[in-house]
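For the numbers below, each heavy atom of this structure counts, side chains included, while hydrogens, waters and symmetry mates do not.
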Amino acid sequence: MGNLAIYVLVFALCYILFCGLMLYFCFMADAESSEVAYLVQVALPAKIERMVSKIVGKKNMGFIDALRDRFLVFLYLFVVLGCWSVVFSYVYPSITESASVSNVHKYIGGLVFIACFGSWRLASVSSPGFVTAKTFKRYDHYAYDPFLFPPNRRCQSTNLIRIPRSKFDRIKYNRNVPRYDHFCGWVFNTIGEENYRWFLLGEIREKKLLEITFFDRKTGDSVESSWIPRRSLLGCIRISRVCMFLNCCLSRLQCQKVHLTSINQTTNENGKWSDVKRWHKAQKKKYEDAIKSGLIKPEDSTDLLPEAQEAVVDDDGDVTCTGASSATKEKPSEQALEEEYIDPGPVPKNVHDRGFTENWKEVLFPISLRKDALAFGGYSKPPRNTADNPKERKTVPPPRSTAGNPNEKKPVPPSSKRKET
């Protein structure tokens with residue numbers, strides 16, 4: 001009996017270790033720096049896709065790709081609806097027959113079920129908001145950040161000036177999304193400024209949905225799904241363990257989102273801020289070691305230039321539920337290679353953090369949806385499109401007459417200037 005217990009314990013530990021490694025290499029590890037992660041995330045799926053394409057043909061691959069993209073949605077519906085179907089089929093009749101448990105629990109459970117799936121549906125169909133030439137000023141209310149969102153940059157896809165915290169969504173909409181957070185596969189929707197509140201509400205409600213309480217109809221005892229039940233109640237021990245596991249996962253994700261909202265960071269920005277802090281720490285150590293060794297003097301050093309700051313983080317990677325993909329660093333210029341020892345200055349701070357209350361107010365009541373949205377910000381230059389901006393067209397001065405001065409050069413029309421540049 002003792003040896004059997006040891007074997008079971010070793011098997012359980014190996015199983016947990018295997019599952020942990022699979023989760024790490026499948027979702028968390030960087031495919032560019034890890035060979036195992038590259039095999040699991042890139043090479044193996046590409047090979048399977050080529051094999052399936054040969055079998056079904058290229059015409060049917062579009063349908064298979066759509067199913068693959070919505071795999072997490074199907075998994076979510078299968079697990080959660082499966083759990084609740086058991087509850088409705090077996091637990092609710094037992095509550096009705098029980099003399100110790102009130103039927104009020106049935107109505108409360110039904111309301112929680114409707115609230116959870118209603119918020120999930122709302123998060124899956126709501127629009128994150130789109131930055132266009134016409135809506136540009138409505139979303140231009142965030143200050144530039146020289147490390148993450150440097151000024152004077154344009155979107156390579158739309159040629160619009162890049163508003164701070166915005167990002168081009170390549171997964172679903174192929175449009176610029178303001179305050180881009182991430183693409184969520186569980187709702188198959190891009191989460192941005194105007195629908196982040198519904199996504200956050202859905203997470204909170206899903207956690208409550210999985211906090212199912214099971215009752216013993218004979219004794220009236222209850223066991224919550226957040227705890228491992230020591231005995232089988234109503235034959236629901238398996239479903240309770242599934243709910244407990246999902247509850248732990250959602251609790252961790254919910255805590256992360258609440259923390260990011262409190263400090264006014266998005267999932268897209270959180271990973272990049274980690275890169276900035278690591279870069280600053282390494283650069284600071286390099287600079288201090290150079291001073292201690294006598295390679296440079298403090299008075300001879302120079303501060304970090306804005307041009308050098310722009311190369312710290314590249315904002316071109318896709319962002320999913322697991323976080324931002326690894327940032328691609330730009331190649332250093334010759335000037336940067338010559339100036340190896342540069343004082344990076346103090347630790348960079350998030351310029352968008354307005355305090356706990358204002359940060360939550362910004363999420364629950366998006367600035368772009370307020371009546372006074374145009375009164376905020378104005379940090380970016382408006383798009384140079386006179387068709388979409390009649391006010392800008394009225395302010396263009398008429399050309400001056402050169403009849404009295406033949407030597408004076410005629411002004412070049414604005415359209416010609418744009419063509420020459």
Between Asp181 and Thr267, is there a donor-acceptor pair closer than 3.5 Å when you use the side chain of the first and the backbone of the second? yes
Sequence-distant partners of Glu49, salt bridge (charged side-chain N to carboxylate O under 4.0 Å, His left out), two or more places apart: Arg68
Identify, with sequence neighbours excluded, every residue that meets salt bridge (charged side-chain N to carboxylate O under 4.0 Å, His left out) alongside Asp353. none
Any residue meeting ring-ring contact (aromatic ring centres under 6.0 Å, His included) with Phe25, in chain and number order, not counting sequence neighbours: none
Taking only residues two or more places apart in sequence or in another chain, which ones pass ring-ring contact (aromatic ring centres under 6.0 Å, His included) with Tyr142? His352
Once ring-ring contact (aromatic ring centres under 6.0 Å, His included) is applied, do any residues pair with Phe88, and if so which ones, sequence neighbours excluded? Trp84, Tyr92, Phe113
Mind checking side chain to side chain donor-acceptor pair (under 3.5 Å) for Glu194 and listing every partner two or more places apart, or none if nothing turns up? Arg138, Tyr139, Ser368
With Ser157 via side chain to side chain donor-acceptor pair (under 3.5 Å) - residues at least two apart: none
For Asp145, all residues meeting side chain to side chain donor-acceptor pair (under 3.5 Å), sequence neighbours excluded: none
Without swapping roles, check the side chain of Arg70 against the backbone of Phe188 for a donor-acceptor pair under 3.5 Å. no
Quick test of your reading: applying salt bridge (Lys or Arg N to Asp or Glu O under 4.0 Å), list the pairs with at least one residue in residues 354-368, sequence neighbours left out, ordered by first then second residue. Arg165-Glu362, Arg179-Glu362, Arg354-Glu362
Looking at residues at least two apart in the chain, or sitting in another chain, which of them share a salt bridge (charged side-chain N to carboxylate O under 4.0 Å, His left out) with Asp69? none
Lys285: salt bridge (charged side-chain N to carboxylate O under 4.0 Å, His left out) partners, not counting sequence neighbours: Asp289
Which residues satisfy the side chain to side chain donor-acceptor pair (under 3.5 Å) test with Arg278, sequence neighbours excluded? Asp275
